[in-house]
Amino acid sequence: MTTVRIPADWPTTEARARAVQDELRTRVELREPGPPPGTGRVAGVDVAYDDARDVVVAAAVVLDAASLAVVEEATAVGRVSFPYVPGLLAFRELPTVLAVLERLTVAPGLVVCDGYGRAHPRRFGLASHLGVLTGLPTIGVAKNPFTFAYEEPGARRGSTSPLVDAGAGGEVVGCAVRTRDGVKPVFVSVGHGVNLENAVAHTLHLAPRYRLPESTRRADALCRRALAEATG
DNA sequence: GCGACAG
DNA sequence: ATCTTGTCGC
């Protein structure tokens with residue numbers, strides 16, 4: 001299997017990476033409604049690493065949004081392009097994610113990322129970054145609140161509460177969303193081309209039974225499986 | 001300066 | 001992210 005090439009212009013230093021974020025951030029679209037939840041095709045993307053062997057595998061799983069049935073799956077193997085630095089996750093994950101999306105034969109109407117979009121120190125997390133680079137509508141669904149604060153949502157599935165940046169005058173950057181009764185919420189933020197209200201609606205539609213969206217669960221399982229095979 | 005910090 | 005078994009509960 002061929003290994004993905006890291007783009008020649010990919011930033012090497014943290015300072016340059018932050019500058020790229022500040023530059024691309026102006027192209028993010030936050031107010032568009034995006035595709036109606038429950039319609040069309042939705043892709044979940046995720047990445048697994050073996051830092052010791054310098055191997056990274058990305059997976060993309062396309063679901064029919066109405067039935068949540070799998071339409072297509074793809075994987076791509078690459079080399080680690082950047083260390084994990086809070087706030088710069090996109091530079092570690094996106095080269096391989098972009099490659100795996102190019103391998104899909106059906107175009108998704110929405111991409112669900114494992115991480116943040118607008119909920120980011122510079123309001124440009126990996127979901128927003130992926131949206132700007134591909135032009136695809138994207139949302140971010142993360143498992144942790146990062147540096148942000150939130151009030152505990154109601155205990156029932158469907159309850160939400162704002163995710164706020166206390167250090168920025170309490171600016172709302174996303175939403176804590178309870179996808180299962182009594183279970184820790186997930187943290188949703190706008191990526192690109194989908195407003196927050198619809199990002200939350202997509203998340204709830206995609207997670208009818210488990211805490212995480214089916215798109216994320218399937219992509220996570222696939223990239224782990226593929227990493228095990230690629231590694232041995 | 002120190003600690004916290006998506007994955 | 002990743003290292004890792006059994007175990008409590010619906």
Side-chain angles (χ1 to χ4, degrees), chain A residues 14 17-18 20-21 25 28 44-60 75-98 100 111-131 138-150 155-157 163-168 171-192 196 199 203 208-213 215-228 230-232:
Chain A
E14 296 186 17
R18 291 190 187 90
V20 168
Q21 292 179 327
R25 182 181 53 224
V28 176
V45 294
D46 196 15
V47 179
Y49 300 91
D50 184 333
D51 283 291
R53 305 191 191 195
D54 190 36
V55 175
V56 48
V57 174
T75 60
V77 182
R79 297 293 182 193
V80 175
S81 58
F82 210 89
Y84 171 66
V85 179
L88 300 179
L89 182 61
F91 298 96
R92 181 167 166 80
E93 305 222 325
L94 289 192
T96 320
V97 168
L98 290 167
V100 79
V111 180
V112 179
C113 296
D114 194 1
Y116 284 126
R118 194 176 176 227
H120 177 273
R122 286 168 294 285
R123 306 292 180 267
F124 197 70
L126 80 171
S128 298
H129 202 146
L130 180 63
T138 60
I139 67 174
V141 180
K143 298 181 285 295
N144 296 290
F146 200 16
T147 60
F148 304 106
Y150 68 103
R156 305 292 289 182
R157 165 182 157 81
L163 184 66
V164 304
D165 187 336
E171 177 185 353
V172 175
V173 294
C175 201
V177 179
R178 190 89 66 190
T179 54
R180 290 196 68 183
D181 290 358
V183 172
K184 175 179 175 175
V186 295
F187 304 89
V188 177
S189 58
V190 167
H192 175 69
L196 183 57
T203 300
R209 176 169 179 187
Y210 298 104
R211 178 184 176 231
L212 297 177
S215 41
T216 302
R217 300 182 68 247
R218 290 238 138 85
D220 178 71
L222 179 56
C223 68
R224 290 187 198 231
R225 206 183 314 150
L227 177 65
T231 296

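Per chain, numbering begins at 1; letters A, B, ... match sequence-line order. Hydrogens, waters and symmetry mates play no part in the numbers below; they use all other heavy atoms, side chains included.
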Residue-phosphate contact under 4.0 Å: A/Tyr49 side-chain N/O, C/dT2 OP1/OP2: no
A/Arg218 CZ: over 12 foreign heavy atoms closer than 6.0 Å: no
Nearest-angstrom distance from the residue atom CZ of A/Arg209 to P of C/dC10: 16 Å
Closest to side chain of A/Leu227, choosing from B/dC5, C/dT2, B/dA6: C/dT2
Output field: ring centroids A/Tyr49/A/Tyr84 closer than 6.0 Å: no
Phosphate-side-chain proximity, A/Arg92 and B/dA6, N/O vs OP1/OP2 below 4.0 Å: no
Phosphate contact (B/dG7 OP1 or OP2) by A/Asn144 side-chain N/O below 4.0 Å: yes
Listed nucleotide nearest any side-chain atom of A/Glu93, set B/dA6, B/dG7, C/dT2: B/dG7
Between B/dG7 (C1') and A/Leu130 (CG): distance, integer Å: 15 Å
Touch class at under 4.0 angstrom, heavy-atom based, for A/Leu163 against every strand present: nothing
Per-pair stack call A/Phe187 and B/dA6, 5.5 Å, 30°: no
A/Arg180 vs C/dC10: side-chain N/O to OP1/OP2 distance below 4.0 Å: no
Phosphate-side-chain proximity, A/Lys143 and B/dA6, N/O vs OP1/OP2 below 4.0 Å: no
Under 3.5 Å: donor-acceptor pair, side chain of A/Thr179, backbone of A/Arg211: yes
